[in-house]
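Chain A is the first sequence line, chain B the second, and so forth, proteins listed ahead of strands; every chain is numbered from 1.
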Amino acid sequence: MNPLQVFRDEIAKEIRAAIKTDTEFPIDEPPEGLGDFCVKCFQFAKQFRRSPVEISMDLETRFSNNPLFEKVEAKGGYLNFYVNRREMARIVLGTVLEEREKYGNGSKKGRIIVEHTSANPTGPLHVGRGRNPIIGDTLARVLRALGYEVQTEYYVDDMGRQLAILAWAYKNLGIDGEEKKGKKEDHVLVELYRKGNELFENEEKIRREIEAIIRQIEQGNREIIAYQRKIAEKCMKGIVATLERCNIHIDNFVYESEFLLDGSVYEVVERLKQSRHAGCEDGAYYIDLAPFGFHGKDSKFFFTRGDGTSLYTTRDIAYHLNKFSRCDVAINVLGEDHKLQAKMVAISLQELGVERKPEILFYSFVSLPEGKMSTRAGRVVYLDDLVEEAVAKAKEEILKRGRESKVDVDKVSVAVGIGAIRFNIVKIQPEKQIVFRWEEALNFEGNSAPFVQYAHARAASILRNGNVDIRKITYNAEHLRTPEEDALIKVLAKFPDVVDTAGEERKVYLIPQYLHKLAETFNTFYRYVPVLNAGEERETRIALVYATKCTLANGLQMLGIEALEEM
RNA sequence: GGGCGUAUGGCUUAGUCAGGAUAUAGCACUGGCCUCCUAAGCCAGCGGUCGAGGGUUCAAAUCCCUCUACGCCCGCCA
């Protein structure tokens with residue numbers, strides 16, 4: 001249940017009755033100190049040809065004896081609602097204590113596939129595209145919390161030139177036994193990939209050799225495709241290990257070659273040829289994009305080569321048709337470099353008479369102060385290295401505080417390190433560009449995961465010290481007397497709204513933002529309001545602490561960050 | 001040349017789609033708080049012509065137009 005909805009429903013009901021309308025109007029939150037909800041009467045002024053001030057004063061009288069509100073006040077055309085604190089507290093504590101780890105969850109229906117990461121299997125994941133798995137996984141978690149059946153999916157490109165180069169290098173260059181020692185598969189392979197690339201660029205003979213392999217792949221040579229896939233899977237082992245370490249689980253891996261091998265790409269090709277916007281140039285087929293508003297260089301989308309073989313985007317279309325058969329909503333998390341390609345997929349689907357479109361969440365790259373990351377140039381920060389650094393830094397912080405005798409150092413440092421990375425990445429809107437700086441990535445204060453985890457640990461600590469049996473928590477709203485308690489109740493009440501918006505509008509950054517606010521509010525409460533040493537308020541304050549702990553834990557769960565009992 | 005995106009205090013950032021009351025936080029900086037449930041914390045202070053210029057409106061960070069800077073893309077690559 002959503003506690004705020006109780007109040008909003010009441011406001012909406014009364015106002016609709018008063019102004020005799022069925023139309024929806026927004027119920028907002030006023031600036032600090034002006035109440036809990038507000039309705040802007042300007043919007044009604046035109047319709048009734050009366051001043052907003054008059055309207056608001058009229059409406060004010062309608063709420064004069066409403067038990068849900070302490071005070072309803074017309075002010076300069078706004079109608080401000082001050083909720084009844086006791087009522088709010090009763091509803092919030094009642095709801096959270098009943099729903100516990102389900103507080104904030106929903107009961108939405110539908111199958112959603114979130115495709116994310118889908119990085120080329122030619123080396124380790126790096127921070128440049130590191131937002132992809134984190135945003136994707138977080139969105140999947142939020143949507144699951146809302147009740148959807150969610151599958152996460154990684155589309156593995158096992159047909160590209162990059163992998164062909166790697167596979168060639170693997171077969172022909174071999175691996176130095178010494179170098180391999182103790183290294184993850186993806187890190188071993190990326191060295192081969194780099195060497196292969198160098199040869200591909202500089203040695204004519206080798207380039208021709210690899211290009212011949214690529215042609216064979218495109219023509220559907222099963223033996224070679226199987227080999228490519230084997231190499232891709234080798235690399236995927238390393239990538240998956242990195243993801244799992246970050247609490248990111250992928251449900252399905254779909255290999256691009258499958259759509260060539262099962263013939264579905266060629267069905268797509270045949271159907272696209274029938275489009276009235278299809279054309280042919282030297283045997284290569286394309287869709288003319290001019291009717292769709294494209295000008296200049298990119299006004300043709302080629303979906304076959306001159307020799308009739310398919311292209312990456314064509315196979316992506318086949319993949320989407322397949323995906324649509326398995327879900328109601330398909331969400332793809334993609335780098336901003338895929339915008340044009342995604343548009344071409346969308347147009348092609350339309351040309352195929354498919355009504356559906358994938359929903360796309362684009363993110364901008366994480367770059368380094370010295371520029372864009374590049375695997376080939378070796379100018380990268382690998383996600384594995386970032387994780388290692390973060391965990392090491394977390395450990396350092398634990399030792400600095402002398403907590404090593406009280407906590408499981410390894411467990412806590414992993415939870416804090418991984419959490420810090422995830423939180424820092426997901427808290428920023430995906431379309432904003434990020435410049436990677438170690439000191440920011442490893443910041444454990446303020447708006448960060450450790451801040452939230454710390455608040456959770458403090459709440460846990462109170463319950464532990466008080467020997468609280470969480471199955472028998474009771475409360476009495478009359479015992480809430482401090483402004484710190486009121487503030488906490490109010491923030492707790494907002495959680496279901498936040499989760500709903502984060503999921504439905506695909507704005508995952510709302511969750512960390514909210515958790516920071518909740519943790520901060522709790523910390524202030526913690527500082528000024530004694531719990532275990534309180535008198536008759538003790539039970540109710542314990543309930544409030546527990547409700548906060550549940551909410552923090554629920555939010556952290558959605559971020560894939562561990563809620564620690566101690567740190 | 002064309003397309004898409006971004007621009008808010010020294011740095012990072014919310015609010016922009018659905019215009020409205022004092023523009024949200026964090027970092028940094030200054031000052032204060034551990035005889036009391038974990039100081040990865042709390043309190044106070046400092047700091048903003050919301051990229052520039054026009055327009056619409058009773059009201060613009062938010063809508064419209066023009067421009068600038070930065071990022072990404074524009075291959076019968078992936």
Phosphate contact (B:C27 OP1 or OP2) by A:Arg437 side-chain N/O below 4.0 Å: no
Complementary nucleotide of B:U16, counting Watson-Crick and G-U pairs under 3.5 Å: none
Lys/Arg cation over aromatic A:Tyr286: A:Lys300, 6.0 Å, 45° cone: yes
Sugar-phosphate only, base, or nothing, as touched by A:Arg541 at under 4.0 Å among non-hydrogen atoms: nothing
Short side-chain N/O contact from A:Lys339 to OP1 or OP2 of B:U6, under 4.0 Å: no
Sugar-phosphate only, base, or nothing, as touched by A:Leu532 at under 4.0 Å among non-hydrogen atoms: base
B:U30 - base-pair partner by Watson-Crick or wobble geometry, distances under 3.5 Å: B:A44
Sugar-phosphate, base or nothing in reach of A:Lys507, heavy atoms under 4.0 Å: base
Distance below 4.0 Å between A:Thr524 side-chain N/O and B:C43 OP1 or OP2: yes
OP1 or OP2 of B:G15 under 4.0 Å from side-chain N/O of A:Tyr509: yes
Touch class at under 4.0 angstrom, heavy-atom based, for A:Gly306 against every strand present: base
Nucleotide opposite B:C77 in a Watson-Crick or G-U pair, distances under 3.5 Å: none
B:A39 phosphate, OP1 or OP2, under 4.0 Å from A:Arg458 side-chain N/O: yes
A:Glu153 and A:Tyr319 side chains, donor-acceptor separation under 3.5 Å: yes
Over all atoms of both residues, closest heavy-atom pair of A:Ala420 and A:Ala449: N-CB, 3.6 Å
Touch class at under 4.0 angstrom, heavy-atom based, for A:Glu32 against every strand present: base
Sugar-phosphate only, base, or nothing, as touched by A:Val529 at under 4.0 Å among non-hydrogen atoms: base
OP1 or OP2 of B:G15 under 4.0 Å from side-chain N/O of A:Gln513: no
Nearest-Å distance for atom pair CZ/C1', residues A:Arg315 and B:C76: 12 Å
Sugar-phosphate only, base, or nothing, as touched by A:Glu439 at under 4.0 Å among non-hydrogen atoms: nothing
B:U62 pairs with, by Watson-Crick or G-U criteria that keep both distances under 3.5 Å: none
Any side-chain donor near an acceptor of the partner, A:His338 and A:Asn332, under 3.5 Å: no
Sugar-phosphate only, base, or nothing, as touched by A:Lys300 at under 4.0 Å among non-hydrogen atoms: nothing
side-chain N/O A:Arg401 vs B:A40 OP1/OP2, d < 4.0 Å: yes
Phosphate OP1/OP2 of B:C77 contacted by A:Arg305 side-chain N/O (<4.0 Å): yes
Base-pairing mate for B:U49 - Watson-Crick or G-U, with both contacts under 3.5 Å: none
A:Tyr285 and A:Phe303 aromatic ring geometry - parallel, tilted or perpendicular at 30°/60° bounds: tilted
G-U wobble or Watson-Crick pairing nucleotide for B:U6 (cut-off 3.5 Å, both distances): B:A69
Sugar-phosphate, base or nothing in reach of A:Tyr528, heavy atoms under 4.0 Å: sugar-phosphate
Distance-only polar pair, side chains of A:Thr122 and A:Asn120, donor-acceptor under 3.5 Å: no
OP1 or OP2 of B:A78 under 4.0 Å from side-chain N/O of A:Gln341: no
Ring-ring centroid check A:His516 A:Phe451, cutoff 6.0 Å: yes
B:A7 phosphate, OP1 or OP2, under 4.0 Å from A:Lys432 side-chain N/O: yes
Which nucleotide in B:A40, B:C76, B:U12 has an atom nearest any side-chain atom of A:Ile428: B:U12
Pair assignment for B:A21, Watson-Crick or G-U wobble, requiring both distances under 3.5 Å: none
Any A:Asn443 side-chain N or O less than 4.0 Å from OP1/OP2 of B:C27: no
Touch class at under 4.0 angstrom, heavy-atom based, for A:Phe451 against every strand present: sugar-phosphate
Any donor-acceptor N/O pair under 3.5 Å between B:C76 base and A:Asp282 side chain: yes
